[in-house]
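Every chain is numbered from 1, with letters handed out A, B, ... down the list of sequences. Atoms considered below: every heavy atom in the structure, side chains included; atoms not considered: hydrogens, waters and symmetry mates.
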There are 2 protein chains.
Amino acid sequence: MTEAATPIPDRSNGRERILDEAMQLFAEHGFDSVTVRDIAAKADVSVGLINHHFGSKEGLREAVDAKFIRQFEEVLDSAAPSMGQMRMEDFFAWVDDWIARHQSTWPVTVQYFRRALLEESEWGASVFEKFFSIARASIDRMDAQGLLRPDVDRLWLPFLMVYLELGTSLLDPYVTKILGRSGFEADLWKRRHRAYLSLIYRGVLPPKDRARKSSAQEAN
Amino acid sequence: MTEAATPIPDRSNGRERILDEAMQLFAEHGFDSVTVRDIAAKADVSVGLINHHFGSKEGLREAVDAKFIRQFEEVLDSAAPSMGQMRMEDFFAWVDDWIARHQSTWPVTVQYFRRALLEESEWGASVFEKFFSIARASIDRMDAQGLLRPDVDRLWLPFLMVYLELGTSLLDPYVTKILGRSGFEADLWKRRHRAYLSLIYRGVLPPKDRARKSSAQEAN
DNA sequence: TCGCAGACTGAACAAACGTTCAAGTTTGGT
DNA sequence: ACCAAACTTGAACGTTTGTTCAGTCTGCGA
């Protein structure tokens, strides 16, 4: 009330302020648990303004989703053109680099992403498919170059790669509980990146055991 | 109304019927989106009975959680004693076998598990930690037996293994969209099981390229 | 047969919810 | 200076929510 109309927040624009605060609240507590009054209070506007701009709470959700998608896919799409001739490592590096550049806004982003994926919003599938097709594309490329063993399962490998890629996004709260800090902090991130590249390429067995183990497996 | 008081459902016991239907509804739509009236209607009881047995909606949630935990952890714990001397493959096989035996009730189970992980309920962390400690235990065992290359990241490997283990549970709706059927159907399940064991042990690179690739990586 | 403890009902209630609307304020072009 | 359009307000409304409670029904030991 007595505070200035536009104290700290991003823009004096009320609409943008609603969008930002709504995204943050949805990310933290989930869509159903957040009331329009919560949002109005946090954005320092009246409840009426929300429905004036977005028609309804559902309309607000769609607007927030749209804004998030724009931010998120813009990067994935800008990577897509060169993706055809991109190596798997390069794609992962690309994503990691982007993340590093957006690390300040990342906590909200990853939480929102997490909820969107688990709540099965319509575009969750589209994002998943994007990751999936990128994984499969680089797999196909590796295959064409003879970089994939013949016995590797072509059906499941891209899914497993996506699991590894999205795992920390989906489970970071629990990772944080065990590690004491978020798996998205720069050093942990880089280290994980190397770890899963190593895992995908070479697995964990030492060279000497590979022959023995694989022959034993083929005996089944 | 005109239907019999105990038509089809599991037991004539109203309390159990509430518990079962609530678990199913929570799994499908999430706790906040389900009303006590929804549950009462589906369980064919009055709204008063729910609060009579469980005190409140929150009390019902705890009871449903408790029931789910009992079912879920009972198996994990029964596996834990022999886990110390269990090979990683055996543990995965164990879990898969259990799943196969519970495949009829699995859709609800996995959905509930998924939501519990998303909503970060208190026991979600406990389940995650259980998976994590089992993964780490088998990694330690492999390490002691010299079955882990020295350069493998001991910090992230258990997390990555858990990602692979839980990935399909968390993302099955999207897998289903791409594959046309659930990744939990028996044949797909078995095939995925083999695929991630192979990935963890040996990665994807053919033997001939391993030396070249690893030396190139170490040059960084 | 009595009585009572527990299962069960459903109307009623207060609070919280999303939504509406008449009215006030600010903005920008003329 | 004027006005129309857009922005913004907050009280009010109707609905839905979780919860309560007086009362009914049922089974069972005394």
For [X] and [N], what is the distance between atoms [atom1] and [atom2] respectively, to the nearest whole Å?
X: B/Asn13; N: D/dT26; atom1: CG; atom2: P; value: 17 Å
X: B/Arg17; N: C/dC8; atom1: CZ; atom2: P; value: 7 Å
X: A/Asp44; N: D/dC7; atom1: CG; atom2: P; value: 18 Å

Query - Sequence-distant partners of B/Phe68, ring-ring contact (aromatic ring centres under 6.0 Å, His included), two or more places apart - result: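 B/Phe68 satisfies ring-ring contact (aromatic ring centres under 6.0 Å, His included) with B/Phe72, B/Tyr112, B/Trp123 only.
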Report task. Output all residues satisfying salt bridge (charged side-chain N to carboxylate O under 4.0 Å, His left out) with B/Asp153, sequence neighbours left out; order by chain, then residue number. Result ->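 Checked B/Asp153 against salt bridge (charged side-chain N to carboxylate O under 4.0 Å, His left out); matches are A/Arg191.
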Query raised in the report: Can you name the residues that form a salt bridge (charged side-chain N to carboxylate O under 4.0 Å, His left out) with A/Arg136, not counting sequence neighbours?
Result: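 Not a single residue meets the salt bridge (charged side-chain N to carboxylate O under 4.0 Å, His left out) criterion with A/Arg136.
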Report summary line: B/S/- along nucleotides 18-24 of chain C (protein heavy atoms under 4.0 Å) is BBB----
Requested in this report: Output every pair passing side chain to side chain donor-acceptor pair (under 3.5 Å) with a member in residues 26-40 of chain B, not counting sequence neighbours, ordered by first then second residue.
Outcome: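 Qualifying pairs: A/Asp32-B/Ser33, A/Ser33-B/Asp32, B/Thr35-B/Asp38.
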**Report entry** Results of side chain to side chain contact (heavy atoms under 4.5 Å, CB included) for A/Val110 - residues two or more places apart only
**Finding:**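 Testing A/Val110 for side chain to side chain contact (heavy atoms under 4.5 Å, CB included), a comparison that skips the adjacent residues, returns A/Trp106, A/Ser169, A/Phe184.
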